[in-house]
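Just so it is clear: chains get the letters A, B, ... in the order the sequence lines come, proteins before strands, and each one is counted from 1.
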Amino acid sequence: VRDLAAVRPFAWARLRTFAWRHPEWWVVAVSAGAWIALAASDEDRSAHHVADGVASPTVAATALMVVAMMSPLVLPTLRHIALTSLHSNRHSMQGVFLVGFVGVWTLLTLALVAATGAAAAIISRALVVAVAGVAATAWQFARRKRRALRRCTRTIPLPASGWRAYRDCARFGSVSAASCAATCWGFMAVATAAGHRIGVMALLFAAQLRERAARWYEPLPGAVAVAVAGAWLLAS
Amino acid sequence: MGHEEPSVVLERRDVWGLTRESEWHPLIEWYARGISALQAIGVSDPRSWLNLANIHGTFTPRSEWPPDVGDREWNACQHRSWFFLPWHRMYLHHFEKIVRAAIVAEGGPSAWTLPFWNYDPTDPETLALPPACCAETMPDGRPNPLLVERRASGINSGTPVPAEDVETTGWPDVFTADSTVIPTFGGPKTGWTHNGPAFGSLEIEPHGLVHVDVGGRDGNPSTGGFMSFFELAGRDPVFWMHHANVDRLWEVWRNQPGHSNPTDADWLEAPYSFGSGTWQTMLTVAEVLDMTAPPLLCRYQDVPVPAAEEEEIAREEVKMSAERPPELVGASEVPVPLSDSGATVRIMVGRPAARAMIAEGISAAPERRVFLTLENVTATDLGAGSYTVYVNAPDADVAAAEDRQVGRMSTFGLMEASRADDVHSGSGATYSFEITDLVRRLEEAGEWDPESLRVSVVPTDREAGGGGVRIGRIGIYYG
């Protein structure tokens, strides 16, 4: 009991220091929760997908998917926002950024859902997946993709306090989503054509994370991930 | 042209020391003759002068690169990052190896080493370029490749760089930090980046300041001095002697009490590659930390030996500073454009939620630190080239208030940091300064208002003019 009493304050201090140094920790937790929720509902989405050609998720389900797949990509930006905000605002500023970021991404994804749904009504689902896969693969080799990827890491100066701080932060989230969409629209198109099935999303998510760590001259690995995801979908 | 690696430790020598022995000391003359040989080689050859310069940066679009130049080979310099110093050390080694081979092929000494330009603020003569860098011809009558016309006005006729631009005092004790707020010696922790977020102290002064002092303030890449642009700097032979001195200053810093290099695996194991084929150099950071060991096998003349007794105290201070990130307590409300006379901004400081630091005062809490940041600084031009930052300086004559000066800001690299392209995000760059000592002095003198302070950023040369530079936000942090 004495040992436990000695350990508790130490562990609490470690946790507190970790939270200080990584104020974006809760975004990781929220994203992990979203992944768990998506995994739990994957069977339903697969069944729906097979029955309807391309599924039409609700706004909430789309936002959940965006939170899972896209919010971890902006963790460095969120950490930067938190560490350059007043201490009392560091979590609320991250939250406001995410509202702008997830909001724009959700709208874009719903537009992709509508587009792939309309395409699937005219041509086969397999062809939609193939077209999305080819387009996404081609984008991986474009120099504009690299420029867009670099743009994703952009930071801007934000006011420290007041309503303008939140307004500018929400706007920053929206602009970051637009930059991120210019980078990752191919991944999202394939994921959407695949009915947001968990395996495909996880594969593409891993490729997104990896390409953010790539040196600027390294080949972006997403093309391989898209090819594997497409082949898997077409074979299933 | 073969290349045998030296088997003994060679010494890089001070170019002004060599010059005082002879204006065209053999090490200087052979540097010029080696460059002449490399300038005669086509750009697709990894040994060519242009190829070596383009590794650092080039304006040539990727589509126009020679087919045998890979994506990784040009535009590779690391700036505003903890890789700034080790990357440039590897780059110097690669360069020196190729120049030495060219010299040997011309019949020169196999023990040739790259001289360093030790601009010493206490020795005015050394603040000018060595005469050999300004002469029209070499001793044999051939054109002198050490002379480059595209330099700052007057520099080729003996105008010295300002002594205040080459001060080497007041360096931070920490090499790096995972925060852009804490001033570091070597730059913040980053991944591989051509576009890091914040300058290390050495990268600002003397590195960046000397770049613009030699290259000038013309921000037009078609007419401006080579040294003022990432993409052209390597074309000026002075660049290499300047960076050799920056590299030497890293050794000087490391030999001071309490200073040490990072031990993070992400830093030590980072690999870099230069050149190609027979002329490829592949190194990790860990391989270049001990310069006297292979593969570098060199050392610098004039690096003071460390004094060990104060080491433990300084290490303890460093450890404390790294415990948790500093906390923002106040910032400017809107971006601050710098006019010809600079800018002065009043910042209202709020109370931090976590600790009542301000109310207690800085003097009462010796472990507390105060930082000033100039964040997301962007530029469309080189502006005044160099700015000096003051806190609570009197409006009447800001520049005279030397005791209120907190640091310097160089615009070298700012235009590049402000562009959105394949390798830059367009965020600009951050400069950070520790102002704890100044705040303590003001507090003790009863001149410190903990809820308000005034920050002035003025051109160091008041006649320089400026324009084209904008500070995104000025922040005050307590740590």
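For the residue pair B:Ala331 and A:Ala160, the shortest heavy atom distance occurs at CB-CB, 3.8 Å. In this structure, A:Pro157 and B:Arg473 approach most closely via the heavy-atom pair CB-CB, 3.9 Å.
Taking CG from B:Asn376 and CG from A:Leu158, the interatomic distance works out to 8.5 Å, rounded to the nearest 0.5 Å. Going from atom CZ of A:Arg150 over to atom OG of B:Ser425 covers 8.5 Å, rounded to the nearest 0.5 Å. Between atom CG of residue B:Asp178 and atom CZ of residue A:Arg79 there is a gap of 5.0 Å, rounded to the nearest 0.5 Å. Distance CZ/A:Arg90 to CG/B:Leu328: 9.0 Å, rounded to 0.5 Å.
The local environment of CZ in A:Arg144 is sparse, with at most 12 non-hydrogen atoms from other residues, nucleotides or ligands closer than 6.0 Å.
Put simply, the side chain of A:Leu83 does not reach to within 4.5 Å of the side chain of B:Val181, judged on heavy atoms. By the 4.5 Å heavy-atom criterion applied to side chains, B:Val334 and A:Arg164 are counted as neighbours.
Partners of A:Leu209 according to the side-chain contact (heavy atoms from CB on, under 4.5 Å) rule, which considers only residues two or more places apart in sequence or in another chain, are A:Leu73, A:Phe205. A search for side-chain contact (heavy atoms from CB on, under 4.5 Å) contacts involving B:Val389 returns B:Leu372, B:Leu374, B:Val406, B:Phe433, B:Val455, B:Val457, not counting sequence neighbours.
Ranked by heavy-atom pairs shorter than 4.5 Å toward chain B, the options A:Ile156, A:Asn89, A:Thr155 are led by A:Thr155.
Of the two parts of A:Thr153, the backbone and the side chain both hold a non-hydrogen atom closer than 4.5 Å to a non-hydrogen atom of chain B.
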